[in-house]
Novice: 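Below is a structure I'd like to ask you about.
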Amino acid sequence: MPQIFITMKKKTVFISILTSLVIGGVLLYVLGPVSGPMPLWLSILPPLVAIVMALILKEVLSSLFLGILTGTFIMALYAGQGPAEALLGGTLRVVDTYMTGSIFDADHVKIIVFTLLIGGMVRIITINGGMQGVVNWLSKKAKTARSGQLMTFLMDLCVFFDDYSNTLVVGNTMRPVTDKLKISREKLSYIVDSTSAPVVAVAFVTTWIGAELSYIQQGIEAVGMETSAYSVFFHSLAYSFYPFLTLAFVLMLILSGRDFGPMLKAERAARLAEAATSSEEVTKPQETHVIDAVLPLLVLIFGTIIGLICTGYDPTVWTTSSLNFFSKISAIIGNANSYVALLWASTFSLLTAIIMTILRGKVKFSKLMEEVIEGFKSMFTAVVILTMAWSIALVTKDMHTAEFVSQLLLKWSLSPALVPVLTFVLACLIGFSTGTSWGTMAILYPLILPASWLLCQENGLDLETSMPLFYNVVASVMAGAVMGDHCSPISDTTIMSSLASGCEHLKHVGTQMPYALTVGCVALLFGVMPTAFGLPSWVAFAIALIILGLVVRFVGEKG
């Protein structure tokens, strides 16, 4: 396996270099002699190259790098440099201007520190057995196939703060239990995979929230919108159809005892098999304490809420009698410094986890500090993706990409209401091809958010009409990214779900994809599209839930 991995890396590097040369040659041929101001149409090339390369290479970091390099190369050419000089200078600018400039932004530093602290906290409550204690407590309630699946679902909801921890902890813990209850490995891996990312994507204190807020913040800054990223995120939840509908669909399948497609065959095979389908025995749980995980998580959640209130509190808003309680809270959160609130909460959460572990005497202090560092390391890939995403956002800003895209959409007479639909579909395709929700959001958010807002303004839409569309686009990027990730055979969380659940990977992908496509189509046709044309989101949710219920009732069969 290591040798295969190395070979794949070599192939990726070779393809990246070859593709870079081809792109450079095409650019030189198309541009010809460079003179005068840069044509605005060239501004679309950096994100377009990133998207196309992600589809070809199935890898995000190199795709983002090539996208940034394309932008710096073009800008260097139009600054009067020759091709060779522009290529060298453009490569250097990727690092010394855009990546460095992204990291040196104060808010970006806060996001990086928050992400590392969350990684450390997750690591501590995992190694001290606290998270295992929560899972063990819930697993005692599983007596039948239905209750076993329900307990797995509830465990996934409890491990809401990180999708990797979710899949690994719940999958490994429940595998012996579900084997004993004749629940197929395919169904276990489906529940684990289809609950982890949707929960993490919509929860307001997770390892994802820092990146999501950062992308949103860049979008609202690009259009000069006076609101906070957290406020936009909260409002976008009303349009996050795929994540919420996926959770509802999983619960419908569990409670009804029905399945369809390849999953139905897998479940029937498991029911007919011998009770001991696995050589694994349910081992006696080690001594764990639920409070070791619960308390740090409560500190994280309520610490964030307190931090938002403290940083956004305005006495004039709170004493205004014409506003109701929820309007006051919304205004306060809208004015809050979410990055500072997250930093405060994650710091105290990590300290709480460390102190509780020390008091238990479970881990030596020196070993504990090593584990904290390991937690930091686990978030390194996320930090690199964030940095590259910030960098390509700076490039598109300098090249005025959003203005070009909005003008192009106006030229095609595209209705602003169709932007959320196209965004969802594009995010699904990129997520499927790259296998990463983070990478998809990194590529699309800097491009789509400013363009969608400018398109609304160019069409003369007022603020009351534009904001719901903007929230819908924000939600569609994230929702589409999660759906594409669920269908992708190269998704990291899909692979981890298969491994943790002891399921053959292709069987997991084959049984999960029909369910993901079903929910995705319902989310698009009965959620994203009608709300973009003005249907209230609660009505769309109700209709979509009814449609999914009918699918389960009339298409699904008892396992």
Side-chain angles (χ1 to χ4, degrees), residues 107 110-111 114 118 157 160-161 197-221 223 225-247 297 300-314 317-318 323-346 420 423-424 437 441 445 448-449 452-453 463-482 523 527-528 531-532 536-541:
D107 286 338
K110 293 172 184 174
I111 290 299
F114 162 74
I118 286 290
L157 296 183
F160 64 88
F161 48 85
V199 169
V200 178
V202 299
F204 67 94
V205 184
T206 68
T207 52
W208 286 35
I209 192 65
E212 290 174 329
L213 292 181
S214 176
Y215 298 144
I216 294 171
Q217 186 66 41
Q218 286 181 322
I220 62 181
E221 286 178 355
V223 298
M225 192 183 299
E226 296 183 359
T227 186
S228 74
Y230 232 125
S231 177
V232 173
F233 173 75
F234 277 128
H235 284 89
S236 72
L237 294 180
Y239 303 91
S240 298
F241 293 101
Y242 180 80
F244 285 118
L245 291 178
T246 296
L247 295 175
L297 291 175
L300 181 63
I301 296 170
F302 289 103
T304 301
I305 296 173
I306 294 171
L308 290 171
I309 294 175
C310 289
T311 58
Y313 182 75
D314 185 348
V317 172
W318 195 252
L323 297 176
N324 59 37
F325 175 77
F326 292 104
S327 297
K328 293 176 181 178
I329 293 295
S330 177
I332 288 172
I333 291 177
N335 294 325
N337 188 327
S338 55
Y339 301 136
V340 171
L342 290 171
L343 272 180
W344 290 350
S346 57
T423 298
F424 182 82
S437 301
M441 292 188 290
Y445 267 132
I448 293 295
L449 294 190
S452 63
W453 179 259
L463 185 64
E464 185 177 351
T465 306
S466 300
M467 288 308 296
L469 283 172
F470 187 76
Y471 297 145
N472 204 337
V473 171
V474 170
S476 294
V477 173
M478 179 269 294
V482 173
V528 178
T531 54
S537 60
W538 69 269
V539 176
F541 266 114

Novice: What's the shortest heavy-atom distance between Ser240 and Val202, and which atoms?
Specialist: CB-CG1, 4.2 Å
Novice: When rounded to the nearest 0.5 angstrom, what is the spacing between CD1 in Ile216 and OH in Tyr471?
Specialist: 10.5 Å
Novice: What pairs with Glu212 under side chain to side chain donor-acceptor pair (under 3.5 Å), at least two apart in sequence or on another chain?
Specialist: none
Novice: Looking at CG of Leu343 and CZ of Phe114, how far apart are the two atoms once the value is rounded to the nearest 0.5 Å?
Specialist: 8.0 Å
Novice: Does some side-chain heavy atom of Leu469 sit less than 4.5 Å from a side-chain heavy atom of Trp453?
Specialist: no
Novice: Could you pull out all residues at least two apart from Val539 that satisfy side-chain contact (heavy atoms from CB on, under 4.5 Å)?
Specialist: Leu535, Pro536, Ile543
Novice: Please list, chain by chain and in numerical order, all residues satisfying side chain to side chain donor-acceptor pair (under 3.5 Å) with Thr423, sequence neighbours excluded.
Specialist: none
Novice: Hey, what do you get for NZ (Lys110) to OG (Ser346), rounding to the nearest 0.5 Å?
Specialist: 12.5 Å
Novice: State, with a plain yes or no, whether a side-chain heavy atom of Leu449 is found less than 4.5 Å away from one of Ile220.
Specialist: no
Novice: Can you list everything that forms a ring-ring contact (aromatic ring centres under 6.0 Å, His included) with Tyr239? Sequence neighbours excluded, please.
Specialist: none
Novice: Are the side chains of Met478 and Pro243 in contact, using a 4.5 Å heavy-atom criterion?
Specialist: yes
Novice: How would you list, by chain and number, every residue that makes a ring-ring contact (aromatic ring centres under 6.0 Å, His included) with Tyr215, sequence neighbours excluded?
Specialist: Tyr445
Novice: For Ser214, check side chain to side chain donor-acceptor pair (under 3.5 Å) against everything at least two apart and list the hits.
Specialist: Trp390
Novice: Once rounded to the nearest 0.5 Å, what's the spacing between atom CE of Met467 and atom OG of Ser236?
Specialist: 10.5 Å
Novice: Please find the pair of heavy atoms, one from Gly307 and one from Ala341, that lie closest to each other, and give the distance.
Specialist: C-CB, 3.5 Å
Novice: Compare all side-chain heavy atoms of Cys310 with those of Trp344 and state whether any distance is below 4.5 angstrom.
Specialist: yes
Novice: Mind checking ring-ring contact (aromatic ring centres under 6.0 Å, His included) for Tyr242 and listing every partner two or more places apart, or none if nothing turns up?
Specialist: His486
Novice: What is the distance from atom CZ of Phe241 to atom CZ of Phe541, rounded to the nearest 0.5 Å?
Specialist: 5.0 Å
Novice: Do the non-hydrogen side-chain atoms of Leu300 and Ile118 ever get within less than 4.5 Å of each other?
Specialist: yes
Novice: Tell me the closest heavy-atom pair linking Thr246 and Pro198, and the distance in Å.
Specialist: CG2-CG, 4.1 Å
Novice: Please enumerate all residues that pass ring-ring contact (aromatic ring centres under 6.0 Å, His included) together with Phe233, with sequence neighbours excluded.
Specialist: none
Novice: Can you confirm whether Phe470 sits close enough to Val232 that some side-chain heavy atom of one is under 4.5 Å from a side-chain heavy atom of the other?
Specialist: yes
Novice: Does OH belonging to Tyr313 count more than 12 external heavy atoms closer than 6.0 Å?
Specialist: yes
Novice: Of the non-hydrogen atoms in Pro468 and Thr465, which two are nearest, and what is the gap between them?
Specialist: CD-O, 3.4 Å
Novice: Would you name the heavy atoms of Gly303 and Ala345 that are closest together and state the gap between them?
Specialist: C-CB, 3.6 Å
